[in-house]
Peer 1: 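Pasting a structure here, questions to come.
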Amino acid sequence: MTSVRRSSRRRIQTDSEAKSSNGDSRSSSVGKKRKGEELLNTEESCTENETKTKTLREMDATTLSADSNSEGSKAKSSAATEPKTKAKKTKSKPKKNKTTPSDSPKSEKTSPEKEKVSPKKKASPKKSTSTKKKPKVEPQRITERDPIERLWPDNDDNENTRSSSYKFRIVSWNVAGIRALLKNHPDALPSLASQCDVLCLQETKLQEMHVTDPKLKIENLLKEEGFESHWSCSTAKKGYSGTAVFIKQRKNPDSSTDGNENGIKKQQATLNSFFTTSEKKKGDAKNTISLDETTNIPIDVKNLIPVNISKAMGKDEHDAEGRIITVDFPLFSITNVYVPNSGQKLERLSYRTDSWDTDLLQYMMEKERERGVPVIWLGDLNVAHTNLDVWNDGAKHLAKQAGTTPEERESFQKQLDITSTSTTLGKKVGAFLDAFRFLHPDAKGHYTYWSQRAGNRIPNKGLRLDYFICSKNLLIPKSEDTQRDMKVVIRDSYMIPDRMGSDHCPIMLEIEIKQ
């Protein structure tokens, strides 16, 4: 029994060992199978990746040679799987390396090259800007007024000059509306009248009805100061342009009239008038100048009395705007002129340079030939002739601004150089001269106009638009012998910048009239 039990036990042990061995073998075989399957899967994935990369490479090659339609179809097919998107990213990497730096060593090598190239790119615009700056010229800035010496001061100690000649003074002023001037600065004109023999105004902006209006009292303006007035008003446009001339009245003992255009008869003198001084009647200009004042003038008084006054150039296209008044004195003629402005958009530029300037010059030359005496035209000529006549000459906008255009400057120069040049006082000059610039050739900062809107008067940012243009034989000649034979000589010209009341300032001309 014991042997049977032992044998059965052995069988059970052997059976369990066999089962366990079979289980181990099965488990090992299953593990091996699983490992094999994983290796196969990895190999298959590798092969798939290799095939996909090959196809992508083939696609890249084909995209370069294929048409756009084939490229689009392949791009759609490649976008279906994730590995292909990764391949796209690998394609974009070299593009990124071109524009932005990366962590790869190639990018590190290319970055210094980019640093070398970048300064070259920065250098090229510098060259271009330097070439652009070459033609640019900074505009000048002349705002300081040079002191100028008075060439013929009032306290002249030359007794021969005082006893044998008379200082004849002419003042010109653009008042920019005389009614506003009389309202805001009522003492401006009487003050100027006390300093001169002839007062010329431009841009009065009056009509004939304003001159004769008794309420305005313009017709008898400065009559109490001993001046007679002459007005030229625009009929083409209301409240536009206009000129006026005030002439100091003189008594002519040899005539029953004053020799003026008004032809008012001189009042009959009585015996008592030679011994007593009559009272000045208010509003009576004949009694404003005493006989003693007339007799104290060291020259013939007839030379101070006009022989003719006209208010037209003889051209219908110009005369309707009231821009001119001419006064003929025995020894010279003066013409008060308000030259047309070319306009903000230069709409009147061609009219001004081609028509007005030409006709004015012709008029003055004919006047000089007909009378055989020197001529002077004066007033607001609306041109800044040279660089010294503009505070910021060289600024870009000046070429398109009225008064500073090249056309206006050239036209003005032609008026001065109308005939062949000759030498006077060691200078080459034409038939006519700018009196101020001839006598003060290097004076800077002497302007006659300032923009009120910009507030340019206080800093002296102005233009010189007002002139005295005269025949060249009115200036002092080089030879003293010929100087003695001259009866009329221009001694000085200057500005009066402190006189307020307009955007222009008055200008003065001093003439010596000899016996």
Side-chain angles (χ1 to χ4, degrees), residues 139-146 148 170-178 180-181 184-185 188-189 192 199-205 240-244 323 336-346 348-349 352-353 356-357 377-395 397-409 411-413 415 434-437 440 443-469 493-509:
Q140 67 180 13
R141 297 181 65 87
I142 301 176
T143 56
E144 294 184 2
R145 187 181 292 111
D146 290 345
I148 58 175
I170 305 173
V171 171
S172 173
W173 192 15
N174 181 320
V175 294
I178 193 170
L181 176 67
N184 301 323
H185 301 271
L189 293 182
L192 284 177
L199 176 59
C200 300
L201 305 181
Q202 304 90 39
E203 202 174 0
T204 57
K205 298 182 180 181
Y240 179 68
S241 64
T243 51
R323 294 183 176 274
N336 181 22
V337 179
Y338 179 36
V339 174
N341 190 293
S342 296
Q344 292 183 351
K345 297 182 180 180
L346 304 180
R348 302 193 79 186
L349 179 60
R352 183 259 171 85
T353 57
W356 172 272
D357 287 353
W377 76 85
L378 57 98
D380 181 3
L381 304 188
N382 264 319
V383 61
H385 184 208
T386 67
N387 64 315
L388 295 180
D389 302 323
V390 186
W391 79 274
N392 60 341
D393 189 68
H397 68 280
L398 294 178
K400 297 181 180 180
Q401 177 179 294
T404 55
T405 62
E407 293 84 355
E408 291 168 310
R409 287 180 165 184
S411 179
F412 184 75
Q413 186 63 47
Q415 290 179 328
D434 173 3
F436 174 81
R437 190 54 66 194
H440 307 281
K444 298 178 181 179
H446 292 267
Y447 310 123
T448 63
Y449 166 81
W450 302 266
S451 173
Q452 288 184 339
R453 293 180 180 178
N456 286 345
R457 186 154 190 168
I458 294 176
N460 195 29
K461 298 178 179 179
L463 306 172
R464 188 170 75 98
L465 303 179
D466 303 80
Y467 298 78
F468 291 102
I469 306 301
S493 179
Y494 51 90
M495 291 75 177
I496 310 175
D498 297 333
R499 174 59 59 192
M500 299 298 174
S502 172
D503 51 3
H504 290 247
C505 77
I507 59 175
M508 175 78 78
L509 184 71

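Note that this is a predicted model, so its numbers are computed, not measured.
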Peer 1: Between S342 and A402, what is the shortest heavy-atom contact and its length?
Peer 2: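 Result for this residue pair: CB-CB, 4.0 Å.
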Peer 1: Exactly one of R141, R409, K444 should register a salt bridge (Lys or Arg N to Asp or Glu O under 4.0 Å) with D393. Which one does?
Peer 2: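 So the option named by the test is R409.
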Peer 1: Please report the closest heavy-atom contact between A176 and D503, naming both atoms and the distance.
Peer 2: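 That closest heavy-atom pairing would be CB-OD1, 3.8 Å.
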Peer 1: Output all residues satisfying side chain to side chain contact (heavy atoms under 4.5 Å, CB included) with S411, sequence neighbours left out; order by chain, then residue number.
Peer 2: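 With sequence neighbours excluded, S411 shows a side chain to side chain contact (heavy atoms under 4.5 Å, CB included) to T353, D357, given in chain and number order.
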Peer 1: Supply the atom-to-atom distance Y447 OH to M495 CE, rounded to the nearest 0.5 angstrom.
Peer 2: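 Those atoms lie 10.0 Å apart.
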Peer 1: Please give me the minimum heavy-atom distance between N460 and W391, naming the atom from each residue.
Peer 2: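 Smallest heavy-atom distance, with atoms named: O-CB, 4.3 Å.
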Peer 1: Do the non-hydrogen side-chain atoms of I469 and Q415 ever get within less than 4.5 Å of each other?
Peer 2: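 Contact flag for I469/Q415 side chains = no.
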Peer 1: Between the side chain of T404 and the main-chain N/O of V383, is any donor-acceptor distance below 3.5 Å?
Peer 2: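 Between the backbone of V383 and the side chain of T404 there is no qualifying donor-acceptor contact (under 3.5 Å).
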Peer 1: Let me know which of N174, N382, T448 forms a side chain to side chain donor-acceptor pair (under 3.5 Å) with D466.
Peer 2: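 Testing each of N174, N382, T448 against D466, the sole residue satisfying side chain to side chain donor-acceptor pair (under 3.5 Å) is T448.
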Peer 1: In the structure I gave you, are the side-chain heavy atoms of R348 and N341 within less than 4.5 Å of one another anywhere?
Peer 2: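 No, too far: nothing below the 4.5 Å cut-off.
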Peer 1: List the steps, then state whether side chain to side chain contact (heavy atoms under 4.5 Å, CB included) holds for V390 with L398.
Peer 2: CA-CA 9 Å; V390 186; L398 294 178; 3.8 Å; yes
Peer 1: Heavy atoms, side chains only, cut-off 4.5 Å: are Q413 and H385 in contact?
Peer 2: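 Heavy-atom side-chain distance check passes, below 4.5 Å.
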Peer 1: Determine, stepwise, if the pair N392 / H397 fulfils side chain to side chain contact (heavy atoms under 4.5 Å, CB included).
Peer 2: CA-CA 10 Å; N392 60 341; H397 68 280; 3.7 Å; yes
Peer 1: What are the two closest heavy atoms between T405 and E408, and how far apart are they?
Peer 2: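 Heavy-atom minimum between the residues: OG1-OE1, 2.7 Å.
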Peer 1: To the nearest 0.5 Å, what is the distance between CD on E203 and CZ on R323?
Peer 2: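 CZ of R323 is found 8.5 Å from CD of E203.
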Peer 1: Should L378 and I170 be marked as a side chain to side chain contact (heavy atoms under 4.5 Å, CB included) after you check the CA-CA gap, both sets of side-chain angles, and the distance that decides it?
Peer 2: CA-CA 9 Å; L378 57 98; I170 305 173; 4.1 Å; yes
Peer 1: Work out which heavy atom in H504 is nearest to a heavy atom in W173; give both atom names and the distance.
Peer 2: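 Smallest heavy-atom distance, with atoms named: O-NE1, 3.0 Å.
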Peer 1: Provide the closest heavy-atom pair for P506 versus L192 in the form atom of the first, atom of the second, distance.
Peer 2: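 Looks like CG-CD1, 3.9 Å.
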Peer 1: Just how far is it from atom OH of Y494 to atom NE2 of H446, taken to the nearest 0.5 Å?
Peer 2: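 Atom-to-atom, Y494:OH and H446:NE2 are 13.0 Å apart.
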Peer 1: Please lay out, stage by stage, how L388 and R437 fare under the test side chain to side chain contact (heavy atoms under 4.5 Å, CB included).
Peer 2: CA-CA 9 Å; L388 295 180; R437 190 54 66 194; 3.7 Å; yes
Peer 1: Distance from C505 atom SG to L465 atom CG, nearest 0.5 Å?
Peer 2: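 Answer rounded to 0.5 Å: 10.0 Å.
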Peer 1: Report yes if the side chains of F436 and D389 come closer than 4.5 Å at any heavy-atom pair, otherwise no.
Peer 2: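 No, too far: nothing below the 4.5 Å cut-off.
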Peer 1: To the nearest 0.5 Å, what is the distance between CG (L189) and CG (L199)?
Peer 2: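 Answer for the CG-CG pair, L189 versus L199, is 6.0 Å.
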Peer 1: Classify the ring geometry of F412 against Y467: parallel below 30°, tilted from 30° to 60°, perpendicular beyond 60°.
Peer 2: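 Tilted, since the angle between the ring planes falls between 30° and 60°.
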Peer 1: Please determine which of T204, L201, D380 meets the side chain to side chain contact (heavy atoms under 4.5 Å, CB included) test together with Y338.
Peer 2: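 Among T204, L201, D380, the one that satisfies the side chain to side chain contact (heavy atoms under 4.5 Å, CB included) with Y338 is D380.
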Peer 1: Check this for me: does any side-chain nitrogen of one of D434 and R464 sit under 4.0 Å from a carboxylate oxygen of the other?
Peer 2: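 Salt bridge: yes.
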